[in-house]
Enquirer: 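Here it is, the structure, as structure tokens.
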Amino acid sequence: MTNLLQEQVDYYRARAPEYDDWFYRRGRYDLGAAHTRQWQSEAQQIREQLHCASGFDHILELAPGTGIWTAELAIIGARVTALDASPEMISINRAKLGSDRVDYRLTDLFQYQPERQYDMVFFGFWLSHVPADRLARFLKRVHGALKPGGRLFFVDSRELDLSKNRTGTENLGTERQRRVLSDGRHFDIVKIYYDPAALTATLRKHGFDIEVETTDNFFIYADGVKLP
């Protein structure tokens with residue numbers, strides 16, 4: 001598992017220049033105009049839910065990547081601390097946002113220990129990359145990073161129909177996936193697709209008042225709070 005997690009870091013470092021192509025459905029991720037419209041509509045649904053509350057003093061973002069969600073968090077929060085294991089992702093994020101209200105830290109999220117508590121914790125497309133045997137420890141750290149009553153919000157992927165993908169993605173069991181970059185290099189990473197009801201139960205067990213929901217096709221998400 002240690003080797004797999006290192007390969008996962010290597011993958012996201014190498015993928016940084018093309019990550020936005022995936023989210024914005026460009027190039028090899030473009031499956032046609034109807035698909036893109038539906039993707040964009042569901043992504044907007046997540047944004048609107050995220051923006052239903054604002055005025056947070058300090059938000060912690062885990063695995064911020066290229067800044068797609070960091071930009072949204074900077075609207076609803078006065079300050080954002082963004083932790084990522086990829087210097088390449090941080091560099092793109094920093095250049096894209098150009099904000100002095102976002103603090104970046106190069107951090108191994110599997111070793112991260114919260115030093116303070118935040119008003120909100122957010123992670124986008126990260127939970128599915130946490131191995132099942134590390135999920136409890138990860139959620140304990142998230143719980144420790146939130147103030148009582150603090151907001152927890154995350155978004156992640158619903159399971160893909162790989163028969164329609166053009167990127168060489170291949171599931172290798174229930175917890176591992178093989179990804180191929182545009183230059184042909186392939187990497188194995190952790191990828192877990194969660195059942196919303198089961199994940200809701202797990203989150204509640206770890207001290208959150210929250211419910212995992214889905215959009216019609218592409219995303220799971222949850223918006224809740226840490227219990228007092």
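Sequence positions, counted from 1, serve as the residue numbers for this chain.
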Enquirer: Do F23 and L50 belong to the same hydrophobic cluster, where Ile, Leu, Val, Met, Phe, Trp and Tyr are linked whenever their side-chain heavy atoms lie under 4.5 Å apart, directly or via other members?
Expert: yes
Enquirer: Over 60° means perpendicular and under 30° means parallel, so tell me whether F138 and W126 are parallel, tilted or perpendicular.
Expert: perpendicular
Enquirer: Between I220 and L199, does a side-chain contact (heavy atoms from CB on, under 4.5 Å) hold up when you go through it step by step?
Expert: CA-CA 10 Å; I220 67 169; L199 183 54; 4.2 Å; yes
Enquirer: To the closest 0.5 Å, what do you measure between OG1 (T107) and CG (L62)?
Expert: 9.0 Å
Enquirer: Quick one about T215 and Q45 (side-chain donor to acceptor, distance below 3.5 Å, no hydrogens or angles considered), yes or no?
Expert: no
Enquirer: Show, in sequence, the C-alpha distance, side-chain angles and deciding distance for D119 and K147, and conclude whether the salt bridge (charged side-chain N to carboxylate O under 4.0 Å, His left out) test is met.
Expert: CA-CA 6 Å; D119 303 289; K147 294 178 179 178; 3.1 Å; yes
Enquirer: Indicate whether the side chain of Y29 and that of R25 have a donor and an acceptor atom separated by less than 3.5 Å.
Expert: no
Enquirer: How many angstroms lie between atom CZ of R134 and atom CZ of R141, to the nearest 0.5 angstrom?
Expert: 8.5 Å
Enquirer: Is it possible for you to say whether Y19 and V180 belong to one hydrophobic cluster, with membership spreading through side-chain heavy-atom contacts below 4.5 Å?
Expert: no
Enquirer: Taking atom types as modelled and ignoring hydrogens, do the side chains of Y221 and D156 form a donor-acceptor contact shorter than 3.5 angstrom?
Expert: no
Enquirer: May I ask you to test the N217-W39 pair for a side-chain heavy-atom distance under 4.5 Å?
Expert: no
Enquirer: Around R105, counting heavy atoms of other residues, nucleotides and ligands shown, do more than 12 lie under 6.0 Å from its CZ?
Expert: no
Enquirer: Can you tell me how far the OG atom of S128 sits from the CG atom of L135, to the nearest 0.5 Å?
Expert: 11.0 Å
Enquirer: Charged N to carboxylate O under 4.0 angstrom, E175 versus K191?
Expert: no
Enquirer: Going by an N to O cut-off under 4.0 Å, is there a salt bridge joining D21 and R28?
Expert: no
Enquirer: Test L109 against L83 for side-chain contact (heavy atoms from CB on, under 4.5 Å), laying out the working first.
Expert: CA-CA 7 Å; L109 294 182; L83 312 182; 3.8 Å; yes
Enquirer: At their closest point, which heavy atom of D108 faces which heavy atom of F110, and how far apart are they?
Expert: OD1-N, 2.9 Å
Enquirer: Is any side-chain heavy atom of Q49 closer than 4.5 Å to one of E213?
Expert: no
Enquirer: Are Y12 and E88 close enough that some pair of their side-chain heavy atoms sits under 4.5 Å apart?
Expert: no
Enquirer: Does a donor on one side chain sit under 3.5 Å from an acceptor on the other, for E7 and N3?
Expert: no
Enquirer: If hydrophobic clusters are built from ILVMFWY residues whose side chains come within less than 4.5 Å, do Y194 and L152 share one?
Expert: yes
Enquirer: Drop me the distance from F218's CZ to S157's OG, to the nearest 0.5 angstrom.
Expert: 10.5 Å
Enquirer: Any chance you could measure L139, atom CG, to H143, atom NE2, to the nearest 0.5 Å?
Expert: 10.0 Å
Enquirer: Closest heavy-atom contact between G77 and R101?
Expert: O-NH1, 2.9 Å
Enquirer: Only one of H186, R185, R179 clears side chain to side chain donor-acceptor pair (under 3.5 Å) with Y11; which?
Expert: R179
Enquirer: Answer yes or no: is there a donor N or O on one side and an acceptor on the other, between the side chain of S91 and the main chain of P87, under 3.5 Å?
Expert: no
Enquirer: With respect to Y104, which candidate in T70, D84, N93, T81 satisfies the side chain to side chain donor-acceptor pair (under 3.5 Å) definition?
Expert: N93
Enquirer: Between E42 and Q38, do the side chains contain a donor N or O and an acceptor N or O under 3.5 Å apart?
Expert: yes
Enquirer: To the nearest 0.5 angstrom, please state how far the CG atom of L160 sits from the OG1 atom of T167.
Expert: 8.0 Å
Enquirer: Indicate the ring-plane relationship of F122 and F153, choosing parallel, tilted or perpendicular according to the 30° and 60° boundaries.
Expert: parallel
Enquirer: Test of understanding: clusters of I, L, V, M, F, W, Y form through side-chain heavy atoms closer than 4.5 Å, transitively. Do L203 and V225 belong to the same one?
Expert: no
Enquirer: Hey, mind stepping through Q8 and L4 against side-chain contact (heavy atoms from CB on, under 4.5 Å) and telling me if it holds?
Expert: CA-CA 6 Å; Q8 181 166 269; L4 180 63; 5.8 Å; no
Enquirer: Considering only NZ, NE, NH1 and NH2 on the basic side and carboxylate oxygens on the acidic side, decide whether D223 and R151 come within less than 4.0 Å.
Expert: yes
Enquirer: Could you tell me if R37 and Q40 have a donor-acceptor pair between their side chains, going purely by distance under 3.5 Å?
Expert: no
Enquirer: Over all heavy atoms of both residues, which pair between L73 and M120 is shortest? Give the atoms and the distance, please.
Expert: CD2-CE, 4.0 Å
Enquirer: Inspect the contact between D57 and R79 and indicate whether a charged nitrogen and a carboxylate oxygen are less than 4.0 angstrom apart.
Expert: no
Enquirer: Between Q117 (side chain) and L146 (backbone), is there a donor-acceptor pair under 3.5 Å?
Expert: yes
Enquirer: Would a single hydrophobic cluster contain both I59 and M89, if residues Ile, Leu, Val, Met, Phe, Trp and Tyr are joined by side-chain heavy-atom contacts under 4.5 Å?
Expert: yes
Enquirer: With a 4.0 Å cut-off on N to O distance, would you call K96 and D20 a salt bridge?
Expert: yes
Enquirer: Compute whether any side-chain donor of one residue and acceptor of the other, for Q177 and D188, lie under 3.5 angstrom apart.
Expert: no
Enquirer: Do L5 and V190 have side-chain heavy atoms sitting under 4.5 Å apart?
Expert: yes
Enquirer: Closest approach of P148 and P228, non-hydrogen atoms and distance?
Expert: CB-CA, 4.1 Å
Enquirer: Please report the closest heavy-atom contact between A14 and L181, naming both atoms and the distance.
Expert: CB-CD1, 3.5 Å
Enquirer: Could you tell me if the side chain of T214 sits less than 4.5 Å from the side chain of F219, heavy atoms only?
Expert: no
Enquirer: Could you go step by step and tell me if E72 and H51 meet the side-chain contact (heavy atoms from CB on, under 4.5 Å) rule?
Expert: CA-CA 8 Å; E72 307 294 338; H51 284 274; 2.7 Å; yes
Enquirer: Can you see which heavy atom on N171 is nearest to which on E159, and at what distance?
Expert: ND2-OE2, 4.3 Å
Enquirer: Before you tell me yes or no, could you show the steps for F154 and W69 under ring pair (Phe, Tyr, Trp, His ring centres under 6.0 Å), namely the whole-Å CA-CA distance, both residues' side-chain angles and the distance that decides it to 0.1 Å?
Expert: CA-CA 10 Å; F154 69 84; W69 298 101; over 10 Å; no
